Amino acid sequence: MAADPTNPIVDRELRWQAAWKARHLGRAVAQPGRSKFYILFAYPGPSGFQHVGHMRGFTYADMIARYHRMRGEAIFFPGGTHASGLPAITFAAKVARRDPDTVEELHARGLNDADIASLEVPEKAARYLGNEYWDLWERLGLLMDRSTHVTTIDLDYQRFISWQFSTLQRLGKLVQKPYYASYCPVDGPVSVDPSETDLSSGGTAEMVTYTLVPFPLEDGRVLLAATLRPETVYGVTNVWLPPTGHLVEWQHSGQRYLLAPAGAARLCEQAGGTVGPAVDVAALHGKTVTVPLTRESVPILPSSLVEPSVGTGVVMSVPAHAPADWVALQELPESERAPLLPTVRSIIEVPEESLNPADRQSMAGTGFPAQKVAAALKVSGLKDHAALDEATGHLYRLELRSGRMSTGEFRGESVATVREKVARRFFPEGGLEIREFSQKVICRCGREVIIRRVPDQWFLAYGSPEWKSQMLEASKRMHFYPPEYGEELSGIAGWFEDRPAVRRGKWLGTPFPADPSWVIEPIADSTFYPAYYVVRRLVAEGDLTVDDLTPEFFDYVYLGQGAPPTSERKESWERARREFLYWYPVDINLGGKEHKRVHFPVFLYMHTALLPPPLQPRGIFINWWITSYTGEKLSKKDQKGGAVPPVDVALSRYGADGLRLYYALGASPFQDVKWEEDQCQNAHARVEETLELVLQTARGAASSDDPLSLTEHVDRWFSAQLSEVIHGVRDAWDGYDLRSAAQATYVTLPALFRRYRARGGNHLPLLRRAGEAWCRMLVPITPHAAEEASSAFGESGSLASERTFPTGEDFPRHPTAIAFERTLEQAEEDIAALLKVWNAPPRQLTLFVASPWKYRAAELVPASIRQGRLDVKSFIEKARADPLLQAHLPDLARFAGEFKRAEEASAVAGLTPGEEHALFSGARDYLSRRFRIPEILVLTEDDADAGKDPKGRRHRAHPGKPAMLLE
RNA sequence: GCUGGCGUAGCCAAGUCCGGCCAACGGCAACGGACUCAAGAUCCGUUCUCGCAGGAGUUCCCAGGUUCAAAUCCUGGCGCCAGCACCA
């Protein structure tokens, strides 16, 4: 990736990045006796070029790491790429077919045709992209340790994964059982997912599982119907077969079943058995079969509703509850229909009160449920597929959600629970099912993808109650950002089941140690890797070799079992063990919200299985996404509402600091943000402004460690505010409240400096100290600007990034100064309000400070508050006893109500009349400038006479709230 | 359907856990002003309604409820988004 050094922003940032590198700031150095901080983000899969959305989380990780570094902790911030599975293969395939966008990107990055051709090899593509990612991270200013860089297809990583799986197997975390996998007869296992890496069509297909229901004929053969609603067997009136064509015999466990050829072929793949002779359907029409459970005899009838390619091509008819069956029944000739009608019966009831208004409409009228729904949705006949499907789906959901059986042995129980119980009755030795895709799935090779039973699939036993509770137990001791995720996790654990751990087929990954014909799947091999980063660094530095990475080595390093093999390896092995114990556990694992359901739970599962409690992870941080205007997760192709620039373009426009501030300031991390380039532009401008403002404070006095002695009000106020803001920023960082930290540092502080200047403040040593603190506060979010500012202060010997974060302790606090200033601010608001309704340009403003007796009265207010309100009676009592107030009793009654508000101001401020007068007198120039009022007078209520105040406004004055006269 | 999340002024987005300090942080955009020959940048101000005196009225998806007091708590409704299994 070519960064353009002629761009001044880029140039500045490259310079500081080089400086960090020269001082090895990203390098993880264990410092025994000092606390450490291990943070990582879920490594990305090398599936293409990264965009501004990906960088959001990565940048948060760096901000947090940088803050911890400034708290004096040793930092471990590694990174890698996850090439296992399909991403690299997908990318290599795009290169191989010379996808125009991909080729253009590669050319733009300076690759020639030969380079591009080499990327057709997935492993090479993965390594190339991995390096690109790292370059990009460094350009963003992330201070990471590049010696940890690993790709999951590296040999050493595979050694590690191999150990992980042998160990899991030893611990009994792997179990073998049958599994139904999508499978191409030519290419073997394929993945059915919307990205269609393996497919030419059908990526959105879902796997549908039908229950099989046996209907014995008199001759012993069994018609095999397929259904999604086995509980409706109690309402069967007949069996449907296609009008023409043939069925085949399927012989399985000693039975002769009859079903359509497509279904028989599927069952052979999924359950075994063999296909026997064909049988013409016409020979079956009119015969009778026995309904299971009810033992009734019902006829076999032809109907065009049967689709031979779906299910078994045999359908059990339940006219009362299946709209299609009802309609088919109506379309039968009268001679066949008449005898059937009396047998139609409802077997499921939906209580009236569980219907919502829409349901109620569809279930209006009389008749059977299927009849009513078909009528409500205006189903015109069997050919009216759209309406029929809708009617079927509607009734299916309604009865599943709220229906109860009204007949049979499960009478009164809910449909949802009865469904499975009934299915088990048909085949006591274990239910027969047939699985198929909801739409045709075609492999890249052109063959149709089928579902095949894999009898000996290995699973990770996440469903195991002990393992599950171990995992949840560990999660209770963790910190989650946002905290709600902790709660959510126990919900996720509720449905988390065993997951396939390995598979056969073409994808990248580590061979399964127990049987190398399997490859370990990509989630299982990407959740314990934080442990490997520690070792990887030592391999990269040459302290360890790939040959060292034996199972015994990992037992020794991670589990503390065994001993180094030879005396010359002893030291290296021991060092690896020490480093691991130093850096572990993981303090924060950060990832996008897509990882909530799989990656993070498995990350915890793996750690609880393999490591003792003290080494369990301490925290998980989840960031939401940058989305496009349509609310979709952002991708480069989705550019509605404005083009999304590639990261390097965004970097040259807004700088790394601009982007970083955008991420931090735009929204809380726990919220999707719509991509708006204006916001970036603004963030960039704000960085430059802030830098400029900091640089201004650099001029003047030299640095000094002496305590500041402040005598002027504005200086005291400024110092006190700084102390408050800095403490607030520290608190925000401690809670990883990035947005508040950013807002205080880049919005509140600049405003504070401006007001200080506007109020005439110019205490150089104070400004100097404030500027130095500010520089360091800029480091976590905008590190390049921070270095630039810091160097302007002439601080040498160290970089801002290696200093400590300000504590605010060296700014004297003056609580009353803040309250005084607030009094002034309140007066400013009042003046502004007056000016708003004042037409002419103002000539003069007179401020009247309240009479001393009002201050005295205000002091009595707090003692007279009853249930949050001023109790006027007791207030007057108290005043009556005070000599100063006796003369003003009538006024007191009039002002009592208003005192409530005015009291707040003066009680906080602790103002005396003299102080208030001095405060406003001192602010005359400032107010005059700010409001463009030529003349400002400050009088007291008592020393003004009626001639100066004809409307008597001066009597509105309260302590802390002067009366005003605008002329 | 299940599970989770969300609905705040023109747009983005804080606040909601722990009710009052909220006409509601911040940003964008727009408008006015300063500066300028001009534009841009920058700075100041305004942007729910009304008001020639610092005030009043009406707001935080909708409808109820609790409370002296609700964007915030409770009940019901409407609407939007994501994940749902091998896909990292």
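Lettering of chains follows the sequences in order, A, B, ..., and the numbering in each one begins at 1. Predicted model only: the values in this text are computed from it and were never measured.
Looking at heavy-atom distances under 4.0 Å, S84(A) makes contact with sugar-phosphate atoms alone, never a base. Nucleic acid contact class of Y43(A) (heavy atoms, under 4.0 Å, all strands): none. When heavy atoms are screened at a 4.0 angstrom cut-off, Q671(A) is found touching the sugar-phosphate backbone but no base atom. Among the heavy atoms of the strands, none lies under 4.0 Å from S526(A). Within the 4.0 angstrom heavy-atom criterion, no nucleotide atom of any strand lies near A181(A). W507(A) comes within contact range of the sugar-phosphate backbone alone, with a heavy-atom separation under 4.0 Å but no base atom that close.
In this structure, I451(A) places its CD1 atom 11 Å from P of C86(B), rounding to the nearest Å. What separates CG of L489(A) from P of G5(B) is a distance of 13 Å, to the nearest Å. Between H684(A) atom NE2 and G27(B) atom P the separation is 18 Å, expressed in whole Å. Rounding to whole angstrom units, CZ of residue F512(A) and C1' of C86(B) are separated by 16 Å. Rounded to whole Å, the distance from CZ on F496(A) to P on G4(B) is 16 Å. Separating the CD atom of E689(A) from the P atom of G27(B) is a distance of 10 Å, rounded to the nearest angstrom. The distance between atom NZ of K593(A) and atom P of G5(B), rounded to the nearest whole Å, is 12 Å. Between Y396(A) atom OH and C2(B) atom P the separation is 13 Å, expressed in whole Å.
Along RNA chain B, the nucleotide nearest F670(A) and the nucleotide nearest P500(A) are compared for position; the residue whose nucleotide lies closer to the 5' end is F670(A).
Annotation: side chain to side chain donor-acceptor pair (under 3.5 Å) contacts of Y654(A) (sequence neighbours excluded): E677(A). Judged as a ring pair (Phe, Tyr, Trp, His ring centres under 6.0 Å), and not counting sequence neighbours, the contacts of Y756(A) are F718(A). Remark: R452(A) engages Y183(A), E269(A) in a side-chain contact (heavy atoms from CB on, under 4.5 Å) (not counting sequence neighbours). Checked against ring pair (Phe, Tyr, Trp, His ring centres under 6.0 Å), Y179(A) has the following partners two or more places apart in sequence or in another chain: F459(A). With sequence neighbours excluded, the residues that form a side-chain contact (heavy atoms from CB on, under 4.5 Å) with T690(A) are R686(A), V694(A), Y746(A), W774(A), L778(A).
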What pairs of nitrogen or oxygen atoms, one from the protein and one from nucleotides 18-26 of chain B, lie under 3.5 Å apart?
from   : atom 1 : to      : atom 2 : distance (Å)
C25(B) : O2     : Q743(A) : OE1    : 2.7
C25(B) : O2     : Q743(A) : NE2    : 3.1

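A salt bridge between E231(A) and R229(A) is present, with a side-chain N of the basic residue lying under 4.0 Å from a carboxylate O of the acidic one.
The phosphate of C43(B) has neither OP1 nor OP2 within less than 4.0 Å of any side-chain N or O from R757(A).
With hydrogens and angles left out, the side-chain atoms of S47(A) and T90(A) include no donor and acceptor closer than 3.5 Å.
Nearest to the side chain of A667(A), among G54(B), A85(B), A13(B), sits A13(B). When each of A53(B), C87(B), G83(B) is scored by its nearest atom to the side-chain atoms of R597(A), the top-ranked nucleotide is G83(B). The side chain of L966(A) has A53(B) as its nearest neighbour among A53(B), G45(B), G4(B). Nearest nucleotide to the side chain of R499(A), out of G4(B), A85(B), A14(B): A85(B). For A833(A), counting side-chain heavy atoms from C-beta on, the closest listed nucleotide (G4(B), C86(B), G54(B)) is G54(B). For L965(A), whose side chain is taken as the heavy atoms from C-beta onward, the closest listed nucleotide among A53(B), C43(B), A14(B) is A53(B).
Other residues, nucleotides and ligands contribute over 12 non-hydrogen atoms within 6.0 Å of the CG atom of D731(A).
For the C1' atoms, the distance from C60(B) to U8(B) is 4 Å, rounded to whole Å. Rounded to whole Å, the separation between the C1' atoms of U36(B) and G26(B) comes to 30 Å. Between A24(B) and A9(B), the two P atoms lie 16 Å apart (nearest whole Å). Taking atom C1' in both A23(B) and U72(B), the straight-line distance is 16 Å, to the nearest Å.
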(request) Go through the steps for Y605(A) and F496(A) under the test ring pair (Phe, Tyr, Trp, His ring centres under 6.0 Å), then give the verdict. (result) CA-CA 11 Å; Y605(A) 266 113; F496(A) 216 82; 5.5 Å; yes
